[in-house]
Asks: 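Got a structure here, written out as structure tokens. Questions coming.
Quick note: numbers below take in every heavy atom, side chains included, and nothing from hydrogens, waters or symmetry partners.
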Amino acid sequence: MSFANFDAGAQKNKVRIKEADTERANSDSDLLRRTSLILSSFVEDVSMFGKLQQQLGTKRDNERLRGQIESSISKCDLQETRLRQVTSELESNSYQNDSPNVKYKENKLLNEASRILKNYQSLKIAYDEKISSIKVREAFEQNTRQANEAALEQEQHNLETETTPLISNQIQKIDDKHQSALNQAEVSYHSVLINQRSEAIQDIHTGVGEINAIFKDLGTLVQQQGQNIDTIEVNMMSHANINQEATHELIKADNYQKKKRKWSCALLLALVIVLVLVLAIIS
């Protein structure tokens with residue numbers, strides 16, 4: 001065997017290994033994708049089942065709701081079966097795969113699937129207990145209602161069959177009592193209305209009195225303010241007269257000061273002249 005043939009065989013082996021790895025990777029990717037899709041669908045169905053279950057025993061509880069719940073349970077059971085099958089394949093494939101990235105994705109999907117399956121089982125147990133208690137309560141209420149209806153029919157039948165004057169008188173007395181009670185209730189109602197209206201009128205009267213007192217106080221304040229304004233006006237006029245007189249006195253003082261200055265200058269001039277004459281005579 002030549003080196004060329006040996007190299008060609010090695011190349012073929014490499015190609016086969018690469019093709020096998022590629023095929024395995026595609027198979028793993030397809031399995032992961034299928035598992036993810038089934039898990040997402042199962043999560044949506046379980047969530048819808050939980051929302052429908054919460055409406056049991058409320059005002060929205062009816063035959064249509066219970067039919068929707070049963071249909072939702074059927075879908076969840078089908079998705080549960082598919083999810084268990086694909087997770088089983090994923091677990092068996094996990095032992096044969098060496099890629100860390102693929103192993104991480106597989107473990108993440110397996111853990112999430114396990115959690116969702118446990119939640120679904122818990123929801124189913126809670127639903128079974130809840131629907132059982134509701135059915136027992138409904139059966140009890142139905143039996144009670146039927147017993148009450150039967151007793152009422154029997155009582156009506158007895159009243160219809162008994163036509164003695166005593167029964168008629170008792171019925172008449174009962175009607176009279178009911179009528180009297182109604183009349184008394186009507187009288188009480190009107191009395192309450194009259195009392196309420198009287199209290200309202202009294203409140204209005206009190207409010208009018210308070211408003212009148214406020215207006216009186218305002219009138220007194222206005223009068224006092226008017227008197228204060230008059231007093232201020234008188235004071236301002238008095239101050240104006242005093243200022244006028246003070247101005248006149250200041251003018252007189254200024255004139256007097258001017259005259260005094262003139263006489264002082266004349267007297268000083270005369271003294272100077274006399275002094276000059278005396279000096280002239282002496283010299």
Asks: Please report the closest heavy-atom contact between V46 and C76, naming both atoms and the distance.
Replies: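 Minimum heavy-atom separation between V46 and C76: N-SG, 3.8 Å.
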Asks: Please name all residues satisfying side-chain hydrogen bond (donor to acceptor under 3.5 Å, both in side chains) with R64, sequence neighbours left out, ordered by chain then number.
Replies: none
Asks: Quick one: OG1 on T81 to CZ on F42, what's the gap to the nearest 0.5 Å?
Replies: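 So the gap between those two atoms works out to 9.0 Å.
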Asks: Could you tell me whether the side chain of S264 and the main chain of K260 form a donor-acceptor pair under 3.5 Å?
Replies: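 Pair found, side chain donor or acceptor close to backbone of K260.
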Asks: Judged by atom type as modelled, is there a donor-acceptor pair below 3.5 Å linking the side chain of S36 to the main-chain atoms of L32?
Replies: no
Asks: S47 side chain to V43 main-chain N or O, any donor-acceptor pair under 3.5 Å?
Replies: no
Asks: Please report the interatomic distance OG(S71) to CE(M48), rounded to the nearest 0.5 Å.
Replies: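 It is 11.0 Å, given to the nearest 0.5 Å.
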Asks: State whether E63 and R66 are salt-bridged, where the test is any N-O pair (Lys NZ or Arg NE/NH1/NH2 against Asp/Glu carboxylate O) under 4.0 Å.
Replies: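 No, no charged N to carboxylate O under 4.0 Å.
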Asks: For the backbone of N243 and the side chain of T247, can you confirm whether one donor and one acceptor N or O come within less than 3.5 Å of each other?
Replies: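 Checking the backbone N and O of N243 against the side chain of T247, a donor-acceptor pair under 3.5 Å is found.
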Asks: Rounded to the nearest 0.5 Å, what separates atom CD1 in I38 from atom CZ in R82?
Replies: 4.5 Å
Asks: Does CZ belonging to R60 count more than 12 external heavy atoms closer than 6.0 Å?
Replies: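 No, not enclosed.
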Asks: Check whether any side-chain heavy atom of R115 sits under 4.5 Å from a side-chain heavy atom of N119, and report yes or no.
Replies: yes
Asks: Run the side chain to side chain contact (heavy atoms under 4.5 Å, CB included) test on R34 and L37 for me, step by step, so that the C-alpha distance in whole Å, both residues' side-chain angles and the decisive distance to 0.1 Å come before the verdict.
Replies: CA-CA 5 Å; R34 284 193 299 116; L37 290 175; 5.8 Å; no
Asks: Are more than 12 heavy atoms from other residues, nucleotides or ligands located less than 6.0 Å from atom NZ of K108?
Replies: no
Asks: Hey, does the side chain of N111 reach the backbone of N107 with a donor-acceptor pair shorter than 3.5 angstrom?
Replies: yes
Asks: Kindly compute the distance separating OH (Y120) from CD1 (I125), expressed to the nearest 0.5 Å.
Replies: 11.0 Å
Asks: Quick one: does Q55's side chain get under 4.5 Å of D61's, heavy atoms only?
Replies: no
Asks: Drop me the distance from I242's CD1 to N235's CG, to the nearest 0.5 angstrom.
Replies: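 These two atoms lie 9.5 Å from each other.
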Asks: Any pair with a residue in residues 69-81 that passes salt bridge (charged side-chain N to carboxylate O under 4.0 Å, His left out), sequence neighbours left out, goes on the list, sorted by first then second residue, please.
Replies: D45-K75, D77-K124, E80-R84
Asks: Taking K118's backbone N and O only, do any of them form a donor-acceptor pair with S122's side chain (distance below 3.5 Å, no angle check)?
Replies: yes
Asks: Report the distance from atom CD of Q54 to atom NZ of K130, rounding to the nearest 0.5 Å.
Replies: 7.0 Å
Asks: Test side chain to side chain contact (heavy atoms under 4.5 Å, CB included) on L56 and I69; report intermediate values, then the result.
Replies: CA-CA 10 Å; L56 281 175; I69 292 175; 3.8 Å; yes
